[in-house]
Amino acid sequence: MEMTAQKATVEDEKRLQRSSFHLSPGTSAALQLHGAGAVRRLLLSLKADNLDNAVRDLWLQITFDGKETVNIPAGFFFGCGDQLVEARNWYSKVDSNGTMASYRVMPYRRNAVIRLVNKGTQNISGN
């Protein structure tokens, strides 16, 4: 038996390009998604003087169809807790260089808002 790998595609899938952000203490940045869809992969690469503080102080807030369902420090969402340590599981991975990825499928009917909030005292940037 011969098996070949094929790339899975989803009809009308929207791909968003990476965008950079720079957040001063107390500021936020948001990405708004319109129309029915699903967040299938969320990548975040952080840069800060102290990455341990950055994964604890940068909060991820996600609203689907007007209901906030995620409001948590980035490190906890991606699986490394309150310090930057390598972590891998079925749904997420974290590298020691500050790159974090989530593979949870998060569907929505009308819209989604993904917001990053800097609740710390240092500047946090990334993409």
Side-chain angles (χ1 to χ4, degrees):
M1 173 174 20
E2 183 179 327
M3 297 182 75
T4 59
Q6 294 183 12
K7 186 175 180 179
T9 59
V10 177
E11 188 177 327
D12 297 328
E13 182 176 37
K14 300 173 196 169
R15 292 191 176 265
L16 302 176
Q17 298 297 320
R18 285 186 177 221
S19 60
S20 298
F21 65 89
H22 178 79
L23 298 175
S24 304
T27 62
S28 66
L31 173 65
Q32 296 190 19
L33 306 172
H34 300 284
V39 175
R40 298 179 188 286
R41 182 174 51 195
L42 190 58
L43 303 173
L44 183 61
S45 181
L46 298 180
K47 296 175 188 131
D49 290 336
N50 185 319
L51 286 175
D52 284 341
N53 287 344
V55 298
R56 185 175 44 243
D57 295 337
L58 185 69
W59 281 59
L60 178 64
Q61 299 172 339
I62 306 177
T63 303
F64 294 107
D65 299 323
K67 182 176 180 182
E68 185 177 76
T69 58
V70 175
N71 188 2
I72 190 169
F76 285 92
F77 180 83
F78 289 100
C80 66
D82 64 354
Q83 56 186 322
L84 187 64
V85 294
E86 286 191 35
R88 283 181 173 41
N89 63 47
W90 186 259
Y91 299 104
S92 62
K93 73 175 183 175
V94 178
D95 295 332
S96 60
N97 64 359
T99 301
M100 301 179 283
S102 170
Y103 304 100
R104 293 174 181 93
V105 177
M106 300 176 278
Y108 55 92
R109 290 178 191 240
R110 294 180 308 280
N111 56 51
V113 179
I114 301 171
R115 181 179 307 281
L116 296 173
V117 181
N118 184 350
K119 293 188 177 187
T121 59
Q122 70 174 333
N123 292 327
I124 302 173
S125 60
N127 53 30

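This one's a predicted model, so the numbers in the text were calculated from it and none came from an experiment.
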For [X] and [Y], indicate whether the former's side chain and the latter's backbone hold a donor-acceptor pair under 3.5 Å.
{"X": "N127", "Y": "S19", "answer": "no"}
{"X": "R88", "Y": "K93", "answer": "no"}
{"X": "D95", "Y": "G98", "answer": "no"}
{"X": "S92", "Y": "F78", "answer": "yes"}
{"X": "N89", "Y": "Y91", "answer": "yes"}
{"X": "E68", "Y": "Q61", "answer": "no"}
{"X": "D52", "Y": "L84", "answer": "yes"}
{"X": "N118", "Y": "Q122", "answer": "yes"}

What distance separates [X] [atom1] from [Y] [atom2], expressed to the nearest 0.5 Å?
{"X": "D57", "Y": "L51", "atom1": "CG", "atom2": "CG", "value": "11.5 Å"}
{"X": "L58", "Y": "I72", "atom1": "CG", "atom2": "CD1", "value": "12.0 Å"}
{"X": "I62", "Y": "N71", "atom1": "CD1", "atom2": "CG", "value": "10.0 Å"}
{"X": "S96", "Y": "E86", "atom1": "OG", "atom2": "CD", "value": "4.5 Å"}
{"X": "Q83", "Y": "N50", "atom1": "CD", "atom2": "CG", "value": "10.5 Å"}
{"X": "F21", "Y": "S28", "atom1": "CZ", "atom2": "OG", "value": "11.5 Å"}

Exercise. Got a sec: does the CG of D49 have more than 12 other heavy atoms crowding it under 6.0 Å?
Worked result: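 Atom CG in D49 is not packed in, count stays at 12 or less.
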
Exercise. Is it the case that more than 12 heavy atoms not belonging to Y103 sit under 6.0 Å from its OH atom?
Worked result: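 Atom OH in Y103 is crowded, with more than 12 foreign heavy atoms closer than 6.0 Å.
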
Exercise. Does a side-chain heavy-atom distance below 4.5 Å link V55 with F76?
Worked result: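 SC-SC contact between V55 and F76 ruled out.
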
Problem set entry | V117 with L44, same ILVMFWY side-chain cluster at under 4.5 Å |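 They do not share one cluster, since no chain of ILVMFWY contacts under 4.5 Å joins V117 to L44.
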
Exercise. According to a 4.5 Å side-chain heavy-atom criterion applied to Ile, Leu, Val, Met, Phe, Trp and Tyr, with indirect links allowed, do I114 and V70 form part of one hydrophobic cluster?
Worked result: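 Same cluster: I114 reaches V70 through Ile, Leu, Val, Met, Phe, Trp or Tyr contacts under 4.5 Å.
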
Ignoring hydrogens, what is the shortest heavy-atom contact between [X] and [Y]? Give both atom names and the distance.
{"X": "N111", "Y": "G66", "result": "OD1-N, 3.9 Å"}
{"X": "V39", "Y": "Y108", "result": "N-CE2, 4.1 Å"}
{"X": "P25", "Y": "G120", "result": "CB-O, 3.2 Å"}

Exercise. On the ring face of F77, is R104 found with NZ or CZ under 6.0 Å from the centre and within 45° of the axis?
Worked result: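 Pair R104/F77 counts as cation-pi.
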
Problem set entry | Partners meeting side chain to side chain donor-acceptor pair (under 3.5 Å) with D65 (sequence neighbours left out) |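 For D65, no residue satisfies side chain to side chain donor-acceptor pair (under 3.5 Å) once neighbours in sequence are set aside.
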
For this session: Please name the residue in the list L116, L46, T27 that meets the side-chain contact (heavy atoms from CB on, under 4.5 Å) test with I124.
Result: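 Filter result, single survivor: L46.
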
